[in-house]
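Structure first, commentary second.
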Amino acid sequence: MANFNMLGILPHLTDRDRLLIRLLDRHQVLTTGQIHRLFFNAVRTCQIRLAALRKLGILDAFRYARLDGGSDPWHWTLGLAGARWQAAATGRASPTERSHRERILRLSATSTLTHRVMTNEFFVRLAARTRQDSATELLRWWPENDTLARFLAIRPDGHGVWHDDRRAVGFFLETDMGTENLPRLINKLPAYEQMIRMGGPVYPVLFWLPNVRRERHLAKLVANAKPGVQVLTSTHDLDPAERVWWSAATQRRLRIADIDCDHGLDHIRNPNWVDGVLDLSDQVEEQHLSRLNRSDR
């Protein structure tokens, strides 16, 4: 594959393929099921297309065996051709075959792989909702590194802006896998409070937890802490676009679209403003997920 002809590959790429390349470049890994829900109606069609892109070197994939038998789902990432194409598209240096192979090995071996996939799962569920509901749109899906670079004072697992019922609500996501003690999760909140004091937007912090028991315990800690930022909790088994977010402040469950938010003032520390204009789009690179999905039904 080292001597592949990039120009020869280009005629094989569809708009959907190029969007998938951009998503994997930015979010690193998606499972077969996640890609199916984002872009395809039939699982088999998805599998055939992914296999074709892998044969071209656009994508690569890995998975692990399970102790109880069977295997984990395929985890898809960029292949060498896909990484080089995206590097050219963004003006970055093209990866060597060796550096790219090492990147995939690090990704597959990292202890945070499950956490990364679950964080992506949250946003995939929101994006997939837009395929059925034209009143909704995932305006922004930023991974941890983009969020850190733009907001500076905080380090959530992701940031998004969700549009529903003519409202655009920004939020920060904290994906919990049950590996940290709950007080440590609470200790993340002062950074959000500081960001607000420094002129950033007033967005809720959504803690996404693995089970109801852990959610209840965290909700009690939040209620006692009375933080200066909105905190809502829900669990991995629920649809994040539904009325599943428990608010200790209101003692009821809300939709993301129901949560109060303030996009903030035009300030150097607020990335929502670009040249004096409120810009809630992706900004880094428009993904056009909703537009593509609705035209592909």
Side-chain angles (χ1 to χ4, degrees), residues 27 34 111-129 138 140-148 150-162 164 167-197 200-263:
H27 304 290
Q34 289 171 339
S111 61
T112 61
L113 176 64
T114 303
H115 181 272
R116 187 187 304 277
V117 171
M118 185 56 70
T119 297
N120 287 344
E121 174 67 18
F122 176 92
F123 288 96
V124 167
R125 291 185 193 179
L126 290 182
R129 169 60 68 94
L138 183 59
R140 188 184 289 171
W141 171 6
W142 287 1
E144 178 185 349
N145 57 335
D146 284 350
T147 306
L148 175 63
R150 295 302 188 91
F151 288 99
L152 301 178
I154 59 173
R155 195 180 191 117
D157 297 313
H159 160 60
V161 176
W162 177 244
D164 190 0
R167 291 192 70 228
V169 176
F171 61 85
F172 298 110
L173 176 68
E174 293 282 357
T175 303
D176 174 59
M177 302 301 292
T179 57
E180 294 181 302
N181 62 59
L182 294 179
R184 186 171 180 179
L185 299 184
I186 294 294
N187 289 338
K188 296 181 179 183
L189 298 179
Y192 293 101
E193 296 170 348
Q194 180 185 11
M195 180 200 67
I196 293 172
R197 291 193 298 268
V202 184
Y203 285 164
V205 180
L206 307 182
F207 280 95
W208 207 36
L209 301 121
N211 55 66
V212 173
R213 181 180 179 183
R214 190 166 171 85
E215 182 197 11
R216 288 173 180 167
H217 288 165
L218 181 61
K220 289 180 181 178
L221 291 178
V222 171
N224 292 333
K226 296 181 174 60
V229 60
Q230 291 186 87
V231 176
L232 296 97
T233 61
S234 188
T235 55
H236 298 171
D237 59 320
L238 300 176
D239 183 347
E242 295 290 346
R243 194 178 301 277
V244 299
W245 294 99
W246 175 257
S247 166
T250 64
Q251 292 291 295
R252 60 193 179 100
R253 294 201 180 268
L254 306 172
R255 299 178 307 155
I256 294 177
D258 298 327
I259 303 172
D260 290 335
C261 86
D262 185 338
H263 301 298

Go through the structure and list residues passing side chain to side chain contact (heavy atoms under 4.5 Å, CB included) with R155, not counting sequence neighbours. E144, L148
Sorted by chain and number, sequence neighbours left out, side chain to side chain contact (heavy atoms under 4.5 Å, CB included) with P210 holds for D176, R214, H236
Sole residue of I186, L189, T175 in side chain to side chain contact (heavy atoms under 4.5 Å, CB included) with F207: L189
State which residue, out of E174, M118, R116, fulfils the side chain to side chain contact (heavy atoms under 4.5 Å, CB included) condition with D157. E174
Nearest heavy-atom neighbours spanning [X] and [Y]:
X	Y	result
A241	W162	CB-CZ2, 4.1 Å
W141	H27	NE1-CE1, 3.1 Å
L173	W208	CD1-CB, 4.0 Å
L254	S247	CD1-CB, 4.2 Å
T233	L218	CG2-CD2, 4.0 Å
A219	A248	O-CB, 4.3 Å

Which pairs pass ring pair (Phe, Tyr, Trp, His ring centres under 6.0 Å) with one or both residues in residues 172-194, sequence neighbours excluded? F151-F172, H159-F172, F172-Y192, F172-Y203
Is there side-chain contact between [X] and [Y], with heavy atoms separated by less than 4.5 Å?
X	Y	result
I256	L206	yes
H217	L221	no
V169	R255	no

Salt bridge (charged side-chain N to carboxylate O under 4.0 Å, His left out) involving R253 - partner list, sequence neighbours excluded: E215
Got a sec, which residues hit salt bridge (charged side-chain N to carboxylate O under 4.0 Å, His left out) with R197, two or more places apart in sequence or on another chain? none
Main-chain N/O of P240 paired to W245 side chain as donor or acceptor, under 3.5 Å: yes
May I ask you to decide whether E242 forms a salt bridge with R129, counting only side-chain N to carboxylate O separations under 4.0 Å? yes
Determine whether more than 12 heavy atoms belonging to other residues, nucleotides or ligands lie under 6.0 Å from atom CZ of R167. yes
dist T114:OG1 -> E121:CD (nearest 0.5 Å) comes out at 12.5 Å
Pairwise side chain to side chain donor-acceptor pair (under 3.5 Å) hits with a residue in residues 220-231, at least two apart: none
